[in-house]
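In what follows, a structure is listed as structure tokens, so that the remarks can point back to it.
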Amino acid sequence: MTHHEEQSPTLHDQRRTAAYDKRCRAAVERHRDGLLQLSHSIHAEPEVAFAEHRSAAKVATLLEREGFEVERGVGGLDTALTARYGSGDLVVGLCAEYDALPEIGHACGHNIIAAASVGAALALRDIADEIGIAVKLVGTPAEETGGGKIMLLERGVFDDVAFAMLVHPAAEELCAPRTLAITDLQVRYEGRESHAALAPHRGVNAADALTVAQVAIGLARQHLEPHQMVHGIVTEAGTVPNVIPGRAQALFYLRAGTMESLGHLEARIRDCFRAGSLATGCTEKISEVSPPYAELVSDVWLADAYRTAVTSLGRAPLSPEEEAIRLTPASTDLGNVSRVLPVIQPSMALECGGAVNHQPEFAAACAGPAADAAVLDGALALAWTAVAAATDAVRRGELLEGVRRRAALGGARAWGAPLR
């Protein structure tokens with residue numbers, strides 16, 4: 001080694017970072033069995049939005065046992081939690097999702113998300129004080145519906161977080177996916193019951209109102225803006241054929257490339273709902289079930305650091321050029337967080353036999369060997385990304401300044417509601 005090499009700050013930093021990365025790898029390997037057990041256990045007991053009591057407890061108990069300071073029920077949500085370790089001024093946020101879908105369980109792989117974030121937290125714990133960070137895992141319920149992260153954002157849980165991350169299982173590998181904004185609309189029609197044969201003229205058919213609305217939406221699809229999507233289900237439309245339905249109800253999801261475009265779409269779909277009541281003489285009530293989710297905007301620096309990490313693990317994500325022209329037709333409440341602080345939600349590919357998220361076959365894959373690999377690779381890639389950010393003086397300074405700036409403006413909670 002030459003004298004110049006010994007005095008080179010760049011070379012010294014590279015060697016130091018490599019040493020931290022090696023220790024992260026050793027930590028993930030050391031906790032391998034526990035992380036995979038956590039993933040499998042959450043998968044085996046799926047719980048839907050705001051009811052993830054067992055899943056949240058599993059995450060909390062594991063991290064308490066490993067020395068994290070755990071707070072349950074944060075933000076007024078019974079199944080939300082935070083787990084914190086370290087006293088550094090740079091707070092690294094790791095989001096753990098664990099809600100499942102009704103009937104088909106963990107067909108979006110949130111068990112993998114939770115276990116990977118826990119693994120990253122454990123890997124960073126061992127070096128937290130040395131790199132000047134505090135690790136903050138946030139258990140975030142109700143991503144599929146309900147918007148748990150939005151509620152936690154508005155209630156100050158992310159106020160001190162410099163950047164937030166999670167890794168999501170999918171059918172393909174992406175470092176900076178762009179997702180759609182989404183809102184949901186529930187429409188309920190009220191008519192009047194009557195005997196369908198004896199006195200149909202005395203009935204006001206609420207199911208007919210819903211049919212008119214569905215036809216209007218179907219015809220409107222030809223004229224929607226790029227990236228706008230509408231899909232829904234009928235949740236009530238009568239009980240027996242010989243009674244005119246006096247009540248009918250449906251739930252629709254509306255998606256668009258931006259919140260502005262989503263606002264245009266919502267106005268149009270509300271008009272379609274009103275067409276149903278106007279045509280039939282029913283009354284309609286339109287309401288939102290969940291808060292709107294904003295489109296996800298990935299932080300470029302963090303996405304590049306993650307790309308370096310995941311590529312070194314032997315994975316082959318799409319190139320930045322391919323990602324730039326790709327829009328992922330899905331949505332996440334992390335989009336709202338990304339409007340406030342730097343965020344990434346890369347996707348990690350599973351071998352799933354051609355299945356995609358929200359299919360039963362994908363749910364099965366989320367407890368298989370490819371899912372186990374995603375837990376371990378995801379934990380390590382997230383940890384390495386955090387190390388890169390914490391040890392890069394320029395990026396670290398930018399992240400800390402972001403926290404100070406938000407605090408001066410009222411904290412992250414002041415930015416929680418997406419602009420409409």
Side-chain angles (χ1 to χ4, degrees), residues 59 63 68 71 74-75 77 80-86 88-98 110 113-114 116-121 123-124 128 133-143 147-168 174-179 293-306 309 331-348 378-379 381-390 395-396 398-407 411-416 418:
V59 171
L63 289 172
F68 283 72
E71 181 180 356
V74 297
L77 303 179
L81 66 99
T82 58
R84 191 180 183 107
Y85 192 96
D89 56 351
L90 185 73
V91 180
V92 176
L94 296 162
C95 296
E97 298 176 3
Y98 31 65
H110 291 189
I113 296 173
S117 288
V118 168
L124 292 169
I133 66 171
V135 183
K136 184 175 183 178
L137 182 136
V138 183
T140 60
E143 188 276 337
K149 294 184 192 65
I150 301 171
M151 297 178 184
L152 296 176
L153 181 69
E154 293 172 343
R155 298 169 189 180
V157 175
F158 287 94
D159 277 1
D160 60 345
V161 173
F163 61 98
M165 304 183 292
L166 65 87
V167 63
H168 200 300
L174 299 168
C175 296
R178 295 182 301 132
T179 67
Y293 293 11
E295 67 274 19
L296 177 69
V297 180
S298 299
D299 182 81
V300 175
W301 195 99
L302 292 173
D304 286 345
Y306 176 87
S331 307
T332 172
D333 57 355
L334 193 64
N336 298 57
V337 182
S338 77
R339 295 171 75 97
V340 179
L341 54 106
V343 157
I344 56 169
Q345 182 181 291
S347 63
M348 187 158 278
L382 291 177
W384 284 350
T385 302
V387 170
R395 184 54 178 162
R396 183 187 183 98
E398 292 170 346
L399 292 167
L400 290 172
E401 177 57 29
V403 176
R404 287 191 289 267
R405 186 169 60 251
R406 293 198 306 273
R413 72 191 74 193
W415 300 80

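What you see is a predicted model; the values in this text were computed from it and never measured.
In this structure, CG in Asp299 is found 4.0 Å from CZ in Arg395, a value given to the nearest 0.5 Å. Distance check: Cys175 SG to Gln345 CD gives 13.0 Å after rounding to the nearest 0.5 Å. Separating the CG atom in Asp333 from the CD atom in Glu97 is a distance of 6.5 Å, to the nearest 0.5 Å. The OG1 atom of Thr332 lies 12.0 Å from the CD atom of Glu295; values are rounded to the nearest 0.5 Å. Here the CG atom belonging to Leu382 is positioned 7.5 Å from the CE atom belonging to Met348, to the nearest 0.5 angstrom.
Two residues are said to be in side-chain contact when any heavy atoms from C-beta on lie closer than 4.5 Å; Ser117 and Tyr98 fail this criterion. Contact of the Leu153 side chain with the Arg339 side chain is not registered, since no non-hydrogen atoms from C-beta on lie closer than 4.5 Å. Between Ile344 and Phe163 the shortest side-chain heavy-atom distance does not fall below 4.5 Å. Residues Val91 and Val403 have side chains not in contact (no heavy-atom distance under 4.5 Å, counting atoms from C-beta outward). Annotation: side chain of Thr179 is not in contact with side chain of His168 (no heavy-atom distance under 4.5 Å). Inter-residue side-chain proximity for Asp89 and Arg396 is flagged as met; some heavy-atom pair is nearer than 4.5 Å.
Counting all heavy atoms, side chain and backbone alike, Leu94 lies closest to Ala121 at CD1-N, 3.5 Å. Listed here is the closest heavy atom pair of Ala383 and Ala120: N-CB, 4.1 Å. Considering all non-hydrogen atoms of both residues, Ala96 and Ala114 come closest at CB-CA, 3.9 Å. Closest non-hydrogen pair, Leu77 versus Pro141, comes out as CD1-CG, 4.1 Å. Considering every non-hydrogen atom in both Ala386 and Leu124, the closest pair reads CB-CD1, 3.7 Å. Across every non-hydrogen atom of Ala388 and Ala305, the tightest pair is CB-CB, 4.2 Å.
Counting only distance, with no hydrogens or angles, the side chain of Thr385 and the backbone of Leu302 share no donor-acceptor pair below 3.5 Å. The backbone N or O of Glu143 lies less than 3.5 Å from a partner atom in the side chain of Tyr293, making a donor-acceptor pair. Looking at Thr140, its side chain never comes within 3.5 Å of a backbone N or O of Gly148 through a donor-acceptor pair.
A salt bridge between Glu71 and Arg84 is absent, with no side-chain N of the basic residue lying under 4.0 Å from a carboxylate O of the acidic one.
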Item to check | Step-by-step side chain to side chain contact (heavy atoms under 4.5 Å, CB included) determination, Val92 to Met165 | outcome: CA-CA 8 Å; Val92 176; Met165 304 183 292; 4.3 Å; yes
Checklist entry - Between Val337 and Leu296, does a side chain to side chain contact (heavy atoms under 4.5 Å, CB included) hold up when you go through it step by step? => result CA-CA 8 Å; Val337 182; Leu296 177 69; over 6 Å; no
Next on the checklist: Is there a side chain to side chain contact (heavy atoms under 4.5 Å, CB included) between Leu81 and Leu137? Walk through the geometry before answering.
Outcome noted: CA-CA 8 Å; Leu81 66 99; Leu137 182 136; 4.0 Å; yes
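Relative orientation of the Tyr85 and Phe68 rings is tilted, given thresholds of 30° and 60° on the angle between their planes.
For the salt bridge (Lys or Arg N to Asp or Glu O under 4.0 Å) with Asp160, the lone residue among Lys136, Arg404, Arg406 that qualifies is Lys136.
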